[in-house]
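In what follows, a single structure is set out as structure tokens and then discussed.
Within every chain, numbering begins at 1; the chains are lettered A, B, ... in the order of the sequence lines, protein sequences first and strands thereafter. All values below come from the heavy atoms of this structure, side chains included, with hydrogens, waters and symmetry mates left out.
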Amino acid sequence: GDSVTQTEGLVTLTEGLPVMLNCTYQTIYSNPFLFWYVQHLNESPRLLLKSFTDNKRTEHQGFHATLHKSSSSFHLQKSSAQLSDSALYYCALPNSNNRIFFGDGTQLVVKP
Amino acid sequence: GGIITQTPKFLIGQEGQKLTLKCQQNFNHDTMYWYRQDSGKGLRLIYYSITENDLQKGDLSEGYDASREKKSSFSLTVTSAQKNEMAVFLCASSISNEQFFGPGTRLTVL
């Protein structure tokens with residue numbers, strides 16, 4: 001069945017360092033859509049960025065990700081972390097029945 | 001733009017009690033969802049609904065009922081609250097697979 005794997009439960013890094021949060025997926029669908037959602041403390045998740053096109057970089061609010069069907073990956077990156085990036089990040093994969101499969105989430109903690 | 005409202009914002013119940021959470025959206029989205037989020041943990045799908053009067057079970061449907069009598073509303077019932085249960089219940093609606101989340105209902109069972 002469809003699934004999303006986020007290998008890191010917690011990522012802690014110092015402000016100014018690059019961010020990379022891993023996301024791999026499994027699906028039988030040949031043209032998957034992948035999403036990243038961000039949830040700040042005491043808020044609800046909201047869409048950060050999305051991708052429909054293989055090997056095309058998508059960017060929003062300083063973050064970027066590229067869907068790679070060859071490796072079933074959609075890793076989230078940012079060149080320089082800010083304190084305000086501290087949040088819970090979810091990778092998500094919708095299926096053809098309107099169900100959305102979320103990964104377990106990665107808690108990003110950015111320290112001064 | 002649109003908005004999703006969830007009522008109540010805070011819900012305190014007693015063990016064994018039947019509790020109902022409500023969600024309304026004015027996006028005119030077809031699909032709506034209920035998720036449970038335990039402290040510091042991920043989103044677990046309880047029920048979703050593709051259209052009015054449709055119900056689809058998620059991974060955590062046992063112990064819950066849901067109802068979608070109108071396109072704009074989706075309610076969730078905890079059939080028997082468990083002692084010391086604490087969680088946030090998030091409602092969402094979607095268009096083109098993008099999800100929009102409500103502010104949540106925080107449940108505490110005494």
Side-chain angles (χ1 to χ4, degrees), chain A residues 1-12 21-23 25 27 29 31-53 58 60 65 67 74 86-109, chain B residues 1-7 9-10 21 23 25 27 29-52 54-61 66 68 71 74 86-106:
Chain A
D2 297 326
S3 65
V4 174
T5 301
Q6 294 181 246
T7 52
E8 310 107 341
L10 173 66
V11 171
T12 303
L21 307 184
N22 291 319
C23 171
Y25 65 89
T27 182
Y29 185 48
N31 291 303
F33 302 160
L34 271 292
F35 296 79
W36 276 101
Y37 287 84
V38 58
Q39 184 178 22
H40 286 93
L41 188 63
N42 295 323
E43 295 182 6
S44 296
R46 60 173 176 82
L47 181 68
L48 179 59
L49 49 79
K50 58 187 176 185
S51 182
F52 309 146
T53 308
T58 182
H60 187 60
L67 177 59
F74 190 56
S86 294
L88 186 54
Y89 292 81
Y90 293 102
C91 185
L93 167 73
N95 75 358
S96 56
N97 295 324
N98 287 19
R99 177 169 172 170
I100 316 293
F101 291 88
F102 284 90
D104 290 338
T106 297
Q107 183 72 51
L108 175 64
V109 176
Chain B
I3 192 167
I4 296 179
T5 56
Q6 290 187 239
T7 54
K9 188 171 182 179
F10 298 96
L21 293 71
C23 176
Q25 54 102 357
F27 288 104
H29 290 165
D30 286 320
T31 310
M32 296 185 73
Y33 306 78
W34 275 107
Y35 294 94
R36 174 179 166 135
Q37 185 172 40
D38 291 273
S39 181
K41 296 192 177 178
L43 300 168
R44 291 188 286 173
L45 181 66
I46 306 172
Y47 271 99
Y48 69 109
S49 168
I50 296 171
T51 188
E52 185 178 324
D54 173 75
L55 287 177
Q56 307 284 334
K57 290 185 177 181
D59 298 324
L60 201 66
S61 61
R68 183 96 182 272
K71 184 176 182 178
F74 193 29
M86 285 182 63
V88 175
F89 292 82
L90 290 167
C91 176
S93 66
S94 74
I95 184 76
S96 300
N97 295 307
E98 178 180 342
Q99 298 226 302
F100 297 81
F101 287 86
T105 292
R106 189 174 295 274

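Neither the backbone nor the side chain of E43(A) comes within contact range of chain B; no heavy atom of the residue lies under 4.5 Å from a heavy atom of that chain. If you measure heavy-atom distances from T31(B) to chain A, the contacts under 4.5 Å come from the side chain alone. Heavy-atom distances place the side chain of Y35(B), and not its backbone, under 4.5 Å from chain A. When heavy atoms are compared at a cutoff of 4.5 Å, N98(A) approaches chain B by way of both its backbone and its side chain. Contacts of L45(B) with chain A are made by side-chain atoms alone, with heavy-atom separations under 4.5 Å and no backbone atom involved. The part of S96(B) that comes within reach of chain A is its backbone (N, CA, C, O), which places non-hydrogen atoms under 4.5 angstrom from that chain. For I100(A), the parts lying near chain B are the backbone and the side chain together; criterion is any non-hydrogen pair under 4.5 Å. Contacts between R106(B) and chain A at a heavy-atom distance below 4.5 Å involve the side chain alone, from C-beta outward. Heavy-atom distances place both the backbone and the side chain of N97(A) under 4.5 Å from chain B.
At most 12 heavy atoms of other shown residues, nucleotides or ligands fall within 6.0 angstrom of atom CG in D104(A).
The residue among Q107(A), R99(A), R46(A) with the most heavy atom pairs within less than 4.5 Å of chain B is R99(A). By number of non-hydrogen pairs under 4.5 angstrom with chain A, the leading residue of V88(B), D30(B), D59(B) is D59(B). When each of G105(A), G9(A), A92(A), P94(A) is checked for heavy-atom pairs under 4.5 Å with chain B, P94(A) comes out on top.
To the nearest 0.5 angstrom, L47(A) atom CG is 11.0 Å from N97(B) atom CG.
Here the shortest heavy-atom pairing between Y90(A) and K41(B) reads OH-O, 3.3 Å.
Side chain of Y37(A) to backbone of Q99(B): a donor-acceptor contact under 3.5 angstrom is found.
The side-chain heavy atoms of S44(A) and I4(B), taken from C-beta on, include no pair separated by under 4.5 Å.
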